[in-house]
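FYI, side chains are in, hydrogens and waters are out, and symmetry mates aren't considered; it's all heavy atoms of this structure. Just so you know, residue 1 is the first one in the sequence shown, and it goes up from there.
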Amino acid sequence: MTDHLAAILPLEGLQAGGSGPLYLKLRQSLEDAIQSGKLNHGDALPPERDLADYANISRVTVRKAVDDLVRDGLLVRRHGSGTFVVKPVSKVQQSLSRLTSFTEDMARRGLNTHARWLERGLYHPSPDEMMALGLPADALVARLGRLRIADDMPLAIERASISAEFLPDPQAVTSSLYTALDKTRSRPVRAVQRISACNIKDPDASMLGVAVGSAGLSIERVSYLASGRVVEFTRSLYRGDAYDFVAELTLSEILTVAPQERN
């Protein structure tokens with residue numbers, strides 16, 4: 001353990017003289033190890049007791065340094081598992097003026113995507129699904145729950161509901177939902193999205209690799225066919241540190257009608 005700690009955390013900077021609290025020096029040493037790749041995304045941080053013994057400092061000092069890095073999003077605590085490194089992410093910008101799937105959106109950016117299935121099958125609709133999709137109680141709905149991942153970074157949790165009329169075999173969806181709907185000529189042509197800020201709770205925080213309470217974006221989408229029928233009801237949770245939604249606004253012209261001249 002000592003050799004491993006020495007490889008990722010040289011003591012020279014920590015023990016060097018000069019002003020400044022010890023916890024800030026330890027924090028900087030740990031941040032340098034993360035930024036340099038000595039500690040990679042998903043790596044477990046050595047236990048605080050081991051760090052304190054190795055650096056000959058108190059566990060209170062170690063805890064304060066780790067708390068700082070958790071607040072900055074470079075570390076995440078997972079209850080019962082330990083503290084893990086979180087790779088800093090570059091924000092992805094998604095236009096609100098274009099109706100695309102997650103897979104299509106990431107492909108345009110040259111990012112490799114895959115998903116971890118959380119749920120996939122046919123079910124009786126919930127009251128929310130019945131209302132959103134306009135389904136009777138005896139209908140069936142296809143539910144697709146996925147953890148969406150781009151370049152090995154979990155970005156979003158997506159839970160889609162589609163009437164079995166349009167998606168009778170949920171197992172046919174292997175990557176893009178919209179590609180599967182294309183095959184049944186049921187791809188939506190417009191959608192209404194509602195976006196709200198939220199704090200991410202467990203177990204979603206653990207799946208997304210962020211600290212409990214981290215900022216997130218909750219998105220509810222209702223998509224329509226050209227006929228006006230609802231085809232998709234999707235609720236998604238995006239990491240707030242990884243996603244920006246961008247909308248282009250234009251100035252509407254105001255027509256002014258000149259008063260008629262009096263005769």
Side-chain angles (χ1 to χ4, degrees), residues 1-16 18 20-92 111-112 114-116 118 145-158 197-218 236-243:
M1 177 63 74
T2 301
D3 291 341
H4 174 62
L5 284 170
I8 63 175
L9 194 64
L11 285 177
E12 291 80 3
L14 191 61
Q15 302 294 357
L22 274 176
Y23 87 90
L24 286 180
K25 294 182 180 180
L26 176 60
R27 183 201 184 286
Q28 187 60 54
S29 295
L30 290 170
E31 183 175 354
D32 289 345
I34 294 170
Q35 300 292 359
S36 67
K38 292 178 180 177
L39 285 171
N40 293 306
H41 176 72
D43 285 350
L45 193 71
E48 292 178 4
R49 178 182 300 173
D50 292 344
L51 285 171
D53 291 344
Y54 167 73
N56 195 27
I57 56 179
S58 71
R59 291 185 65 180
V60 172
T61 299
V62 173
R63 173 60 63 92
K64 198 167 184 181
V66 171
D67 284 347
D68 261 22
L69 292 171
V70 169
R71 278 194 297 270
D72 287 350
L74 293 177
L75 296 175
V76 59
R77 287 192 176 97
R78 295 176 186 163
H79 184 69
S81 299
T83 304
F84 296 85
V85 175
V86 178
K87 179 182 177 181
V89 297
S90 299
K91 283 204 171 187
V92 173
L111 301 177
N112 297 315
H114 65 281
R116 177 158 67 86
L118 307 175
R146 291 181 282 183
L147 175 65
R148 309 308 301 262
I149 301 166
D151 280 356
D152 297 324
M153 178 63 60
L155 292 182
I157 297 170
E158 182 183 89
C198 66
N199 294 110
I200 304 176
K201 303 176 181 179
D202 260 341
D204 293 339
S206 294
M207 286 191 285
L208 290 171
V210 299
V212 174
S214 295
L217 293 170
S218 175
S236 303
L237 177 63
Y238 285 82
R239 288 176 52 159
D241 65 340
Y243 247 82

Say you draw a straight line from NZ of K64 to CG of L69; how long is it, rounded to the nearest 0.5 Å? 13.5 Å
Please find the pair of heavy atoms, one from V210 and one from S214, that lie closest to each other, and give the distance. CB-OG, 3.8 Å
With sequence neighbours left out, what residues match R63 under side chain to side chain contact (heavy atoms under 4.5 Å, CB included)? E48, D67, R77
Are any non-hydrogen side-chain atoms of L30 and L74 less than 4.5 angstrom apart? no
Check: V62 and L26 side chains under 4.5 Å, non-hydrogen atoms: yes
Do L155 and R148 have side chains that approach each other closer than 4.5 Å (heavy atoms only, starting at C-beta)? no
With a 4.5 Å limit on heavy-atom distance, are the side chains of Q28 and K25 in contact? no
Applying salt bridge (Lys or Arg N to Asp or Glu O under 4.0 Å), can you list everything that pairs with R71, at least two apart in sequence or on another chain? D68
What distance do L45 atom CG and D50 atom CG have between them, rounded to the nearest 0.5 Å? 10.0 Å
Calculate, to the nearest 0.5 Å, the distance between atoms CG and CD belonging to L118 and E158 respectively. 10.5 Å
Which pair of non-hydrogen atoms, one from P154 and one from M207, has the smallest distance, and what is that distance? CB-O, 3.7 Å
Suppose we screen for salt bridge (Lys or Arg N to Asp or Glu O under 4.0 Å). Which residues come up paired with D204, at least two apart in sequence or across chains? R159
List in chain and number order the residues that pass side chain to side chain contact (heavy atoms under 4.5 Å, CB included) with N199, two or more places apart in sequence or in another chain; answer none if no residue qualifies. none
The criterion is side chain to side chain contact (heavy atoms under 4.5 Å, CB included); which residues satisfy it with D202, sequence neighbours excluded? A205, S206, V212
Just jot down the side chain to side chain contact (heavy atoms under 4.5 Å, CB included) partners of S81, sequence neighbours excluded, or say none. R78, F84
State the CG-CD1 distance between D43 and I34, to the nearest 0.5 angstrom. 9.5 Å
